[in-house]
Number of protein chains: 2
Amino acid sequence: MEKMARIVVITAGGRGRRMGGALPKQFAEIGGRPVLMHTIAKFWGWNRDAEILVTLPPDMVGFWRTLCENFAFKLPHRIIEGGESRYRSVANALAVAGDGLIGVHDGVRPFVSEAVIEACFAAAQIHGGAVPVVDMLESIRELGADGASWAVDRRRFVVVQTPQVFRSDLLKAAYRQPERADFTDEASVVEAHGGKVSTAPGNVENIKLTQPMDMWLADQMLKQRRL
Amino acid sequence: MEKMARIVVITAGGRGRRMGGALPKQFAEIGGRPVLMHTIAKFWGWNRDAEILVTLPPDMVGFWRTLCENFAFKLPHRIIEGGESRYRSVANALAVAGDGLIGVHDGVRPFVSEAVIEACFAAAQIHGGAVPVVDMLESIRELGADGASWAVDRRRFVVVQTPQVFRSDLLKAAYRQPERADFTDEASVVEAHGGKVSTAPGNVENIKLTQPMDMWLADQMLKQRRL
């Protein structure tokens with residue numbers, strides 16, 4: 001089977017609400033430079049021929065360019081103006097993306113391993129779509145109406161990471177659907193369109209930086225060269 | 001309403017299999033002393049009148065006593081020989097526990113906040129049972145037979161922590177049931193017996209130390225006096 005072109009869409013559209021109104025976390029500095037630069041560098045290190053598209057809020061594009069200048073960050077990437085939602089941002093990127101395999105990755109997951117990226121692209125080439133997953137280690141409860149909740153067996157579930165990788169024809173077709181509130185990731189969009197998604201092993205360090213504690217942890221890990 | 005006696009069962013029965021056969025994680029040193037000492041100290045700091053019971057594998061009781069001597073750890077706690085499972089260990093502790101409110105806590109969660117402990121005991125006094133929960137931040141997939149999986153809406157779920165607190169009469173009655181494979185925490189045992197469980201807000205730092213990365217993080221956090 002011919003190797004298909006590798007395209008990476010890195011989503012960096014967050015506005016930092018969960019972090020308490022501070023600098024959106026993709027721009028926060030860890031280990032001496034913004035999170036998003038670490039993420040781009042990881043994909044560049046994985047495959048220097050991959051085309052990297054980065055979706056940013058339109059009003060933060062200028063800020064990002066200034067950051068790149070200040071940090072002398074020169075790794076090649078194309079900036080895509082994002083939309084009002086993750087779905088719209090990815091759709092904007094797909095509108096200009098070429099054909100091949102497209103991996104969509106959270107800009108705030110700088111610690112994905114190169115092995116996981118490669119495994120997801122390889123599985124997507126075979127199966128059409130693949131996402132990295134890890135065991136769920138925490139107990140969970142399902143919420144009902146009126147505040148009720150009940151225990152559910154965590155062994156029924158896995159935790160999903162990114163990159164979520166798909167053949168470009170399948171992904172682009174799925175993104176022609178109208179947006180829905182339950183589209184929480186690319187796999188949910190593809191499945192709503194009838195597509196199948198396979199899984200590959202993720203890496204436990206591939207956390208999504210969402211909490212202040214996460215930023216502190218990420219900074220510490222980089223300073224100690226643990227990742 | 002009269003304030004009921006506070007009893008805490010700290011489970012420390014793990015054998016460290018997930019950590020790769022090394023020292024079971026409740027005994028591993030973070031911030032200068034074993035994890036379990038941090039956990040006991042947290043509950044002692046919360047309420048010095050609380051009765052603290054600690055379940056340990058029978059063949060590690062001697063080792064624990066030696067650790068307490070070496071670290072000059074003198075906070076009061078009663079050692080209970082654990083059983084083959086978490087369920088059996090808790091049942092052994094309940095067999096000697098007095099009456100009041102009983103909170104069951106993972107020995108490897110040293111970072112629970114005093115406010116969360118207090119909130120769970122207060123809610124359990126009103127509702128009979130309460131567990132701390134935090135939002136699920138990760139996307140999840142449900143696993144089917146033959147390797148299939150599908151996206152589910154994470155907003156339907158919350159992540160459960162400990163302490164899980166119950167009125168002693170309800171908890172003791174629930175633990176008279178035969179053990180089942182789907183008893184993953186105390187709430188699942190109480191619910192299987194027909195009991196109701198309310199929720200209280202947990203604290204995001206209250207992680208369960210299960211992975212090598214967690215141990216490193218915990219050590220760093222303590223060294224920097226972040227917790």
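Every chain is numbered from 1 and lettered A, B, ... according to where its sequence line falls, protein lines coming before strand lines. The structure presented is a predicted model; accordingly, all values stated were derived computationally and were not measured. Because only heavy atoms are used, hydrogens play no part in the values below, and waters and symmetry mates are left out as well, while side chains stay in.
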* Structure fact -> For B:Ala50, the side-chain contact (heavy atoms from CB on, under 4.5 Å) test, sequence neighbours excluded, returns B:Arg6, B:Val8, B:Trp46, B:Asn47
* **Residues A:Glu142 and B:Arg154 bridged, charged N to O under 4.0 Å** => no
* Name the member of B:Glu138, B:Gln161, B:Arg156 that forms the most heavy-atom pairs with chain A at distances under 4.5 Å. => B:Arg156
* Structure fact -> One should read off an interatomic distance between A:Leu137 CG and B:Leu209 CG, to the nearest 0.5 angstrom, of 12.0 Å
* Option that, when pairs with chain A are counted at under 4.5 Å, heavy atom only, ranks first among B:Val159, B:Val131, B:Ile207, B:Asp182 -> B:Val159
* Name the option with the most non-hydrogen atom pairs under 4.5 Å to chain A; the candidates are B:Val197, B:Thr199, B:Asp153. => B:Val197
* To do: Could you walk me through whether A:Val152 and B:Phe157 pass the side chain to side chain contact (heavy atoms under 4.5 Å, CB included) test, one step at a time?
  => CA-CA 9 Å; A:Val152 296; B:Phe157 300 93; 4.1 Å; yes
* Asked: Any donor and acceptor pair, going by atom type alone, linking the side chain of B:Glu191 with main-chain N or O of A:Ala151 inside 3.5 Å?
  -> yes
* To do: Verify side chain to side chain contact (heavy atoms under 4.5 Å, CB included) between A:Met136 and B:Arg141, making sure each step is shown before the conclusion.
  => CA-CA 10 Å; A:Met136 175 168 290; B:Arg141 295 179 71 77; over 6 Å; no
* Proximity breakdown for A:Ser149 and chain B, heavy-atom pairs closer than 4.5 Å -> both
* Structure fact -> To the nearest 0.5 Å, atom CG of A:Leu217 lies from atom CG of B:Leu217 at 5.0 Å
* Asked: So with a 6.0 Å cut-off around NZ of B:Lys172, is the heavy-atom count from everything else above 12?
  -> yes
* Test log, rule side chain to side chain contact (heavy atoms under 4.5 Å, CB included), inputs A:Val158 and B:Ile140 -> CA-CA 6 Å; A:Val158 287; B:Ile140 60 175; over 6 Å; no
* Against chain A, label B:Ser188 side chain, backbone, both or neither, depending on which of its atoms sit under 4.5 Å from a heavy atom there. => both
